[in-house]
2 protein chains.
Amino acid sequence: MRRPQPTLKDIAAELNLSHPTVSRALSGHPSISAETKARVREAADRLGYVVNSGARMLKRGHGNVVGLLLPDITNEFYAAVAKKLSDDCSERHQQLILSVSADDADRELAQVRALLESRPTAIVVALTRKPHPETIALLNTVHCVQFMQTHPVLSGPRVTVEASGGARLAIEHLLSLGHRQIGFVGPTLDYAIGQARMEGVTAAMEAAGLAVDPTCVRLGPADGEFAFDAVLDLLAMEPRPTALYFSSAPISVAGMRALMRENIAIPADMSVVVAGVSPWYEAWPGGLTSITLPVRDLADAASRYVAEVAKGDVAAGETMLSFELVRRGSTAVNP
Amino acid sequence: MRRPQPTLKDIAAELNLSHPTVSRALSGHPSISAETKARVREAADRLGYVVNSGARMLKRGHGNVVGLLLPDITNEFYAAVAKKLSDDCSERHQQLILSVSADDADRELAQVRALLESRPTAIVVALTRKPHPETIALLNTVHCVQFMQTHPVLSGPRVTVEASGGARLAIEHLLSLGHRQIGFVGPTLDYAIGQARMEGVTAAMEAAGLAVDPTCVRLGPADGEFAFDAVLDLLAMEPRPTALYFSSAPISVAGMRALMRENIAIPADMSVVVAGVSPWYEAWPGGLTSITLPVRDLADAASRYVAEVAKGDVAAGETMLSFELVRRGSTAVNP
DNA sequence: GTGAAAGCGCTAACAT
DNA sequence: ATGTTAGCGCTTTCAC
């Protein structure tokens, strides 16, 4: 093992052919006799021949690779996107290179640079909140699909969600159930998406003729751990909110942990709207009412743009989808 | 945009240098004057130069890539592994190619073949239950880290878990609480890991002088959906089991859904041990007692082997870790 | 300190 | 139907 992989020349030598003939035989070129093709195929399999993608790329002028740059593969939402992209790539016989930015602009730049080394046919990127200008400049040199977050100076197709819509949906739902004092726990405003959600909350409240009570709003970093203390804090208020909206998946986990530790009955003592796509929302006793992204549709849209680029078309356009409210058992009428 | 990326020659022409000089300047070769290095660096940044990995690979004889082949990136366990590997790769300035086998041997073979095209420094692979012999033959031509599942004919380091241990842990725990009729829902036996779990169950029961009741055992495919019906089935038994052990994460979700739909009180009417690493286990009302893998340690071990290979060492050895039982509120004494 | 030349493995154009 | 040749972009001798 670990001896250098055989090359076309090795196969050619084995069969007393020239390496271009072997190349043509393996790629099914019409002007090669069926018998030669068979002999070549056999020898290739026997020697364990696998084409060298570097050499092929050099010749072709571009790689056969799709880049995917995400903030966090551990997030079930992004994992679902990676799965879809991986499936579609392997159908097109392409490779998927996965990079994780961890929501860090420096690392994002390094990853983009590294991705470009493979001359990808396309890059799908969920940008960080404040990308370096150089990151954008580099991305503008390739076919790039912007996912979730967009950047004004970056060209190419975009797949986004109507960002303030999820928050509005959640708040409207809770208002319609008669809740007036609603706690909101979400990501800090320097995330583009955090800002939009806050706007959604404000819009929904104002539409009902109500003002947002700033003491009911708790914001924190993306990992969501702050939500545990934030919820304990909200529970200690006098009077305490009758409903909560957790606006990201990690925040939802940490928030629910706090509610459970305090033995809050749901929805009797507290109505809760969570966010994200976990299969556990349906398994939860009574179910958890959730704001979910149309994961599948978003992933499909991104993948479709990638496929267009791979076919050689110029992909362009913007796909904007909407959040959905899935009503389950964690929200009830305010008594 | 989308014009061909600049090459070393382009930079060389721009500065009236030869392209080897530019190459040396960019890679910090000592015999290049500091001034030239600065000029080259500036021009490279200005033109947006990014090295062509294909050409580099051709010259070097091998790629700068790590392959990762998993059954399902959506599984939180595997996602955590991917995250760790991605982090470590980017520290070593390597790329991570993600492939998903979907537990399908044909697709696995195709993915391995595709991965080898990039001449990876190493491949981390969680094999399917019955890999094709050709898959193993191909993997034996590269440095390969076997993850979770192992294959007798495949050489190289292995990272596994003491496979029957999780099941034994779960059953022993339930037995110690006085349960005698224990339902077991797990993956079919043609998964190596399914078989080991069944053995663990049997061993634990026999150690207590009990026999496994085959009517309490339900096995099915990895996606776990069968567990919903399986649990409804178990609930209909006369007498009904007093405790359940779900031996994979997807099975746990589907199983819990069934229990919730039937309004089974946990742990009053039924003790439950789930499997996997979801953050939701701790948030669940009362908490869910779970059998968890030492995800972090497993990922670290795999990544360490990859790093050794990347450094040029011959990685070898076997790391075997143990399941852990995390006692939470879903298991109680049998009344 | 820098240039010239060769070659990695592959494919496409041209020759036989 | 098959062989010859050239060149993709890069690194690495070797020469100056």
Side-chain angles (χ1 to χ4, degrees), chain A residues 3-41 43-44 47-65 93 113-114 116-121 141, chain B residues 3-41 43-44 47-65 93 113-114 116-121 141:
Chain A
R3 64 183 184 302
Q5 304 268 1
T7 70
L8 289 182
K9 280 184 184 161
D10 295 324
I11 301 180
E14 185 93 359
L15 302 174
N16 286 315
L17 291 169
S18 66
H19 58 278
T21 301
V22 175
S23 171
R24 284 179 286 227
L26 288 174
S27 51
H29 196 284
S31 74
I32 298 287
S33 75
E35 192 222 328
T36 304
K37 275 181 183 163
R39 291 204 309 144
V40 167
R41 192 81 64 181
L47 299 178
Y49 173 79
V50 177
V51 57
N52 183 319
S53 68
R56 175 175 280 176
M57 159 176 166
L58 206 50
K59 192 78 230 194
R60 291 225 222 278
H62 61 267
N64 187 36
V65 158
H93 303 285
R113 218 192 282 279
L116 290 186
E117 292 185 5
S118 304
R119 303 292 189 264
T121 55
T141 68
Chain B
R3 65 182 183 304
Q5 304 270 359
T7 72
L8 289 182
K9 280 185 184 160
D10 295 325
I11 301 179
E14 184 92 0
L15 301 174
N16 285 315
L17 291 169
S18 67
H19 58 278
T21 302
V22 175
S23 171
R24 284 181 282 231
L26 288 176
S27 51
H29 196 285
S31 75
I32 298 288
S33 74
E35 192 222 327
T36 305
K37 276 181 183 163
R39 290 205 310 147
V40 167
R41 191 80 65 180
L47 299 179
Y49 173 78
V50 177
V51 54
N52 182 320
S53 68
R56 173 175 281 175
M57 159 177 166
L58 205 51
K59 194 72 218 179
R60 289 223 226 277
H62 61 266
N64 186 37
V65 160
H93 303 285
R113 219 192 282 280
L116 290 187
E117 293 186 5
S118 304
R119 302 292 186 264
T121 55
T141 67

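Proteins get letters first, then strands, A, B, ... in listed order; numbering begins at 1 in each. The model shown is predicted, which means the values in this text are computed figures rather than measured ones.
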Test A:Val50 against B:Arg119 for side-chain contact (heavy atoms from CB on, under 4.5 Å), laying out the working first.
CA-CA 9 Å; A:Val50 177; B:Arg119 302 292 186 264; 4.1 Å; yes
Where do A:Leu8 and A:Leu26 land on the side-chain contact (heavy atoms from CB on, under 4.5 Å) test, with the steps shown first?
CA-CA 10 Å; A:Leu8 289 182; A:Leu26 288 174; 4.0 Å; yes
Residues in contact with DNA chain C, drawn from residues 26-34 of chain A - heavy-atom cutoff 4.0 Å:
none
From OG (A:Ser118) to CE (A:Met57), nearest 0.5 Å:
6.0 Å
The complete set of salt bridge (Lys or Arg N to Asp or Glu O under 4.0 Å) pairs with one or both residues in residues 50-64 of chain B, sequence neighbours excluded, reads none
Expressed in angstrom and rounded to an integer, what is the separation of A:Leu58 atom CG from C:dT11 atom P?
12 Å
Starting at atom CZ of A:Arg56, determine the distance to atom P of C:dT11, rounded to an integer number of angstrom.
5 Å
Angle by which the axis turns from one end of the helix from C:dG1-D:dC16 to C:dT16-D:dA1 to the other, five pairs per end, to 10 degrees
40°
How would you list, by chain and number, every residue that makes a side chain to side chain donor-acceptor pair (under 3.5 Å) with B:Ser31, sequence neighbours excluded?
B:His29
Keeping the roles fixed (side chain from B:Thr121, backbone from B:Asn64), state whether a donor-acceptor pair exists under 3.5 Å.
no
Show every salt bridge (Lys or Arg N to Asp or Glu O under 4.0 Å) that has at least one partner inside residues 9-33 of chain B, sequence neighbours left out.
B:Glu14-B:Arg46
How many Å lie between CD1 on A:Ile11 and C1' on C:dC10, as a whole number?
12 Å
Across all chains, not counting sequence neighbours, the salt bridge (Lys or Arg N to Asp or Glu O under 4.0 Å) partners of B:Arg41 are none
What residues form a side chain to side chain donor-acceptor pair (under 3.5 Å) with B:Ser23, not counting sequence neighbours?
none
Could you go through the side-chain contact (heavy atoms from CB on, under 4.5 Å) check for A:Glu117 and B:Asn52 one step at a time?
CA-CA 5 Å; A:Glu117 292 185 5; B:Asn52 182 320; over 6 Å; no
Take atom CG of B:Leu15 and atom C1' of C:dT2, then tell me their distance rounded to the nearest Å.
14 Å
Sequence neighbours excluded, which residues qualify as side-chain contact (heavy atoms from CB on, under 4.5 Å) partners of B:Ala25?
B:Ile32, B:Lys37, B:Val40
Sorted by chain and residue number, the side chain to side chain donor-acceptor pair (under 3.5 Å) partners of B:Thr36 (sequence neighbours excluded) come out as B:Ser33
From the 5' end of DNA chain D to its 3' end, which nucleotides mark the outer limits of contact with chain A, defined by a 4.0 Å heavy-atom distance cut-off (strictly under)?
D:dA1 to D:dG9
Where A:Pro6 and A:Leu47 come nearest, the two heavy atoms and their spacing
CG-O, 3.4 Å
Any protein N or O atoms within reach of nucleotides 3-6 of chain C? Criterion: under 3.5 Å, listing atom names and distances.
| residue | atom | partner | partner atom | Å |
| --- | --- | --- | --- | --- |
| C:dG3 | OP2 | B:Ser18 | N | 3.0 |
| C:dG3 | OP2 | B:Ser18 | OG | 2.9 |
| C:dG3 | OP2 | B:Thr21 | OG1 | 2.6 |
| C:dG3 | N7 | B:Arg24 | NH2 | 2.9 |
| C:dG3 | O6 | B:Arg24 | NH1 | 3.0 |
| C:dG3 | O6 | B:Arg24 | NH2 | 3.1 |

